[in-house]
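Everything below concerns the one structure shown next.
Source: prediction; values computed, not measured. First listed ligand is number 1; within each ligand, the first listed atom is number 1. Residue numbers start at 1 and run along the sequence shown.
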Amino acid sequence: MIQILFATQTGNSEFYAEEVGRHISKAIVSSIEDFDFLTLPEQKRVIFIISTTGDGDMTNDMIKFWQFLLIKDLPKESLIKLEFTVFGLGDSSYPKFNYAARKLRSRLLQLSAKEFVPSSFGDEQHPCGIDTEFVIWFENLLKKCDTQNTISQYIKIEQDDINGQQNNVDQFDFKFINKKRLSAEQHSKETYQFNFKCNKLYECGDILCIKPKNQNKLVQQFLELLKLNGNKWIKLEELKQNQKSKKIPKIISIHQLFSEFLDITSPPNRYFIKLMSQFAEKDIHKQKLTEMCAQTPEGLEEYYSYVYREKRNVYEVLYDFQPCVIPLELLIDSLKLIRERQYSISSAYNGEQISITVALVSYTTGKNRQIKGFCSNYLENLQYDEYIEGKIIKGTIGFPKQLEIPVIMVGPGTGVAPFIGFIEQRLKQGAKNKEKTILFFGSCYEQKEFYYKEFLQESPITLFTAFSRDQQRKIYVQHRILESRDLINKIVKENVQNVMIIVTGTSKKMPNQVESVFKECLGEQMVQDLKKRKQYLVECW
Ligand SMILES: Cc1cc2nc3c(=O)[nH]c(=O)nc-3n(C[C@H](O)[C@H](O)[C@H](O)COP(=O)(O)O)c2cc1C
């Protein structure tokens, strides 16, 4: 038996793990969270598919497993029987590229495990994405394993057309009340505060995870194309357990399946293209699809230029190659589950309402196709009083409850979201001392993107702003931090044991540039010490 373990934050590595699991006989695919790590020394072969998140961090589902591996007195030969390989998912625009996968590999080797196939590290920055490295690593892997027919099924339809009843949607905790525009009306970038009715307990720094649905029109078009009756109810039987079989209810209507569970809004992966090549009816389509899913550089390029870079969704690809009627069981097996999206909560708990700050994702592709982000588009189209599926989780940042603890916050763009809730909380607590709450906010234009302007200007905080494109020379939050070095130095030195520095926002260059200016202001050692004591926190996305 071969274990395939994945660690994921947003679902990509699970997808790759399933692809590997389809090809290898006697393989069990599971989340690393569900794996009994005490059995690791007894395993013969384990394939790890590991994503990196945060600032070179392990994903949440991997934390317990990793803590176990890090136990200091584990004997050096603990894993002498284990053969392994790691495939990492990462993005080289982050300074700690593929750190989680690399650290895991080093630790396994340290504990005497042996690599039976050289580990490999995929890079989203590559023009053909993670697949570039994956294809090569996978080919090597298959040479070392017993393989099987690729169309395996995790789920079987046990009964077709049974009586079922729609779930009550108001079981969900979040009811959409309204949205307030934060960017200027005429501005092309649309940013909103979305407000939901909710009496769940939460704290500043927590995150609201939202599970979007496919748009109804898309679901209808998809069902028509595949000749499926949305009103029909089916009963599913689990053949092999995986995340999907755990999450999809056993009795479900076909409409609900494609509206709430299976993702038809995102581009299909190459496994789906392979399936299509078997069910496309026209020879010319079969040939084209087969070329696209070939494990060659040319095949990859074809797939990436037609599907991935153009962000063609599952329906659009099926439409272009119709008639191509994939059986329902195989659709369930091959389509991704809709995954949750995380948003920092931007309100203070009041027992009634919860708010998030969302920039709607919208862009045009190389071929001028207009694409909208899955979840932000879902939020944009919510009807008043509609319930959404969501849950509240802890983020990587937290805020002090005591007013006397100074907090220096850096939150450009929608990064300001968690700070709005925190400032609201401090206001409720009667905060007056402006030096205890310092905020660096930035965006492109003051007139168009000064989110929460009035609230911030009227609150008892020290506010620094940087609007990068309002003048010739680009000015960012890091410039403002440097200009305020005397104040920062004073506050940090006077409160070295409890001051907090919190950085949130987009995860590309900003967090590192901000860190290096704090190092310039406070000295390298001080920033390292603050980080070690969890007084310097970063949450980026
Ligand atoms: C918030 C965030 C932080 C990330 N941090 C890193 C990082 O530090 N190093 C890296 O190599 N990749 C990083 N990535 C890239 C992810 O590893 C990559 O997007 C991967 O495909 C995600 O896989 P998953 O869906 O299985 O979580 C980050 C991605 C996000 C969204």
Would you check if Val307 and Met292 make a side-chain contact, meaning some heavy-atom pair closer than 4.5 Å?
yes

Note: Glu14, heavy atoms under 4.0 Å from ligand 1, region reported as neither

Mark up the atoms of ligand 1 that fall under 4.0 Å of a heavy atom belonging to Trp541, in ascending order.
1 (C)

Distance filter under 4.0 Å to Glu124 heavy atoms, resulting ligand 1 atoms:
18 (C), 19 (O), 20 (C), 21 (O)

Options Thr52, Asp123, Asn60, Asp55, ranked by nearest heavy atom to atom 7 (C) of ligand 1, top entry
Thr52

Any luck finding a side-chain donor-acceptor pair between Thr357 and Ser346 under 3.5 Å?
yes

Go through ligand 1 atom by atom and flag the ones less than 4.0 Å from a non-hydrogen atom of Lys96.
7 (C), 8 (O), 9 (N), 10 (C), 11 (O)

May I ask you to test the Phe419-Leu456 pair for a side-chain heavy-atom distance under 4.5 Å?
no

Could you tell me whether Lys391 and Glu340 make a salt bridge, using a distance below 4.0 angstrom between a side-chain N and a carboxylate O?
yes

Under a 4.0 Å threshold between the charged nitrogen and the carboxylate oxygen, would Lys179 count as salt-bridged to Glu380?
no

Proximity flag Tyr99 to ligand 1, non-hydrogen atoms under 4.0 Å
no

For Gln9, atoms of ligand 1 separated by under 4.0 Å from a heavy atom:
24 (P), 26 (O), 27 (O)

Heavy-atom distances under 4.0 Å are what count here, so tell me which part of Cys540 touches ligand 1: side chain, backbone, both or neither.
backbone

Note: Lys64-Glu33 ion pair, threshold 4.0 Å (strictly below)
no

Can you find a non-hydrogen atom of Thr59 under 4.0 Å from ligand 1?
no

SB check Asp206 Lys394 (cutoff 4.0 Å)
yes

Output yes when the distance from some N or O of ligand 1 to some N or O of Asp57 is under 3.5 Å, and no in every other case.
no

If you measure from atom 26 (O) of ligand 1 to every heavy atom of Asp61, Ile130, Leu89, Thr8, which option wins on shortest distance?
Thr8

Do Gln43 and Gln3 have a side chain donor and acceptor closer than 3.5 Å?
no

Within the 4.0 Å heavy-atom cut-off, what Tyr94 brings close to ligand 1 is side chain

For residues Ile502 and Val407, determine if any side-chain heavy atom of one lies less than 4.5 Å from a side-chain heavy atom of the other.
yes

Examine the side chains of Tyr451 and Glu449 and answer whether a donor and an acceptor come within less than 3.5 Å of each other.
no

With a cut-off of 4.0 Å, which atoms of ligand 1 are near a heavy atom of Ser13?
26 (O)

Numbering as shown, the atoms of ligand 1 that approach Phe97 to under 4.0 Å (heavy-atom distance)
11 (O)

Is the shortest N/O to N/O distance between Ala7 and ligand 1 below 3.5 Å?
no

Which ligand 1 atoms are under 4.0 Å away from a heavy-atom of Gly56?
7 (C), 8 (O)

